[in-house]
Number of protein chains: 2
Amino acid sequence: MTPVPAKRPLGGTRVRGTRQAEALSAVLGGLPGFCSAQQIHAELRQRGEHIGLTTVYRHLQVLSEDGQVDTIRDASGETLYRRCGSNAHHHHLICRTCGTSVEVEGRAVERWAEQVAAEAGFTAVDHTVELFGLCPGCSSASA
Amino acid sequence: MTPVPAKRPLGGTRVRGTRQAEALSAVLGGLPGFCSAQQIHAELRQRGEHIGLTTVYRHLQVLSEDGQVDTIRDASGETLYRRCGSNAHHHHLICRTCGTSVEVEGRAVERWAEQVAAEAGFTAVDHTVELFGLCPGCSSASA
DNA sequence: ATATCTGCAAAGACTTTGCAACCTT
DNA sequence: AAGGTTGCAAAGTCTTTGCAGATAT
């Protein structure tokens, strides 16, 4: 699958010396929470970057395969992307009003998942865990 | 949202005395795990039931709103449906090979979710938890 | 008899793919 | 100069909606 040329500097965030790639990276870094490819594309356009939607999709796909961005699916089926800080396994606590997300560790969940799976005789278990709620700001705003 | 006429018998599984609705209900009851609307539609056709894909989608939508079927999304974005046994909150342990699913209780996860959310100051927290793995049968078959 | 349900076809949304032109190395 | 990258347009999915005909109560 991945020949892994390993020629990449890995120092900065650049994927390849392309203007579009850098712009995308910049936007991703500034996002507070999960956004759809189309939102990201719109944001890039607003910044004056002439980038195609196709290119945004392609980069996001590569980045997600590389583990540099996390992806989740919202209720309507759209895929949402977010630059993830830690490369370790983690989950997200997402504000359903403003979209801000917090990365949370889930050792307890991992353990629970493995235990439940073992009890049912399942192996090679993977899991999906996402938390949605109201962040402090939005919570007080709606109070 | 739901005026809740509550005129429905609620005894059987019938939604309304329609042949298609009953057929759909029957198929749902016999499914071992989560299936897409299109798979269910194909299954109905194979049984000789002449039912439209549109009707399948509409019934599944209503049933899911009523809490009679659970829905999840697979990796490709398709929505999968399954008649859920308990009406209480629960999660699923799904075999990624044969699709068989087991309903599991997640008191531990619920507690973890609330605790993590509270620590971050989030309120009104909801969560999504799905476990994917290999069931005993598929596990030994591939060994 | 009437309100509901059904289903075909068309529309809508998100995402992927083809291919020529462009840019980076 | 060579190869990867870009982007427009078209295609592909899954899902929803419009409307006329059929159906259940």
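All chains are named by letter (A, B, ...) in the order of the sequence lines, taking the proteins before the strands, and each is independently numbered beginning at 1.
The shortest distance between the side-chain N/O atoms of B:His59 and the OP1/OP2 oxygens of C:dC5 is not below 4.0 Å. For B:Thr55 and C:dG7, the shortest distance from a side-chain N or O to OP1 or OP2 is below 4.0 Å. Note on B:Gln20: a side-chain N or O is less than 4.0 Å away from OP1 or OP2 of C:dG7.
Scanning for ring pair (Phe, Tyr, Trp, His ring centres under 6.0 Å) contacts around A:Phe34 gives A:His92, with sequence neighbours left out.
The distance from atom CG of A:Leu60 to atom P of D:dT6 is 12 Å, rounded to the nearest whole Å. In this structure, B:Phe34 places its CZ atom 18 Å from C1' of D:dC14, rounding to the nearest Å. For A:Leu63 and D:dT5, the CG to P distance is 12 Å, given to the nearest whole Å. Rounded to whole Å, atom C1' of D:dT15 lies 15 Å from atom CD of B:Gln39.
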With the sugar-phosphate defined as primed atoms, P, OP1 and OP2, and the base as all remaining atoms, what B/S/- string results for nucleotides 15-20 of chain C, 5' to 3', for protein heavy atoms under 4.0 Å?
BBB---
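Side-chain polar atoms of B:Thr123 and A:Ser139 form a donor-acceptor pair below 3.5 angstrom. Side-chain polar atoms of A:His91 and A:His127 form a donor-acceptor pair below 3.5 angstrom. A donor atom on one side chain and an acceptor atom on the other are found under 3.5 Å apart for B:His89 and B:Glu110. Side chains of B:Gln38 and B:Tyr57: a donor on one and an acceptor on the other come within 3.5 Å.
A:Ile40 and A:Leu80 fall into different hydrophobic clusters, defined by Ile, Leu, Val, Met, Phe, Trp and Tyr side-chain heavy atoms under 4.5 Å apart, directly or through other members.
Ionic pairing of A:Glu130 and A:Arg73 is not present here: no N-O contact between side-chain nitrogen and carboxylate oxygen is shorter than 4.0 angstrom. Classification of B:Arg47 and B:Glu43 as a salt-bridged pair holds, one side-chain N sitting under 4.0 Å from a carboxylate O.
If you check residues 42-51 of chain A against DNA chain C, you find no residue with a heavy atom closer than 4.0 Å.
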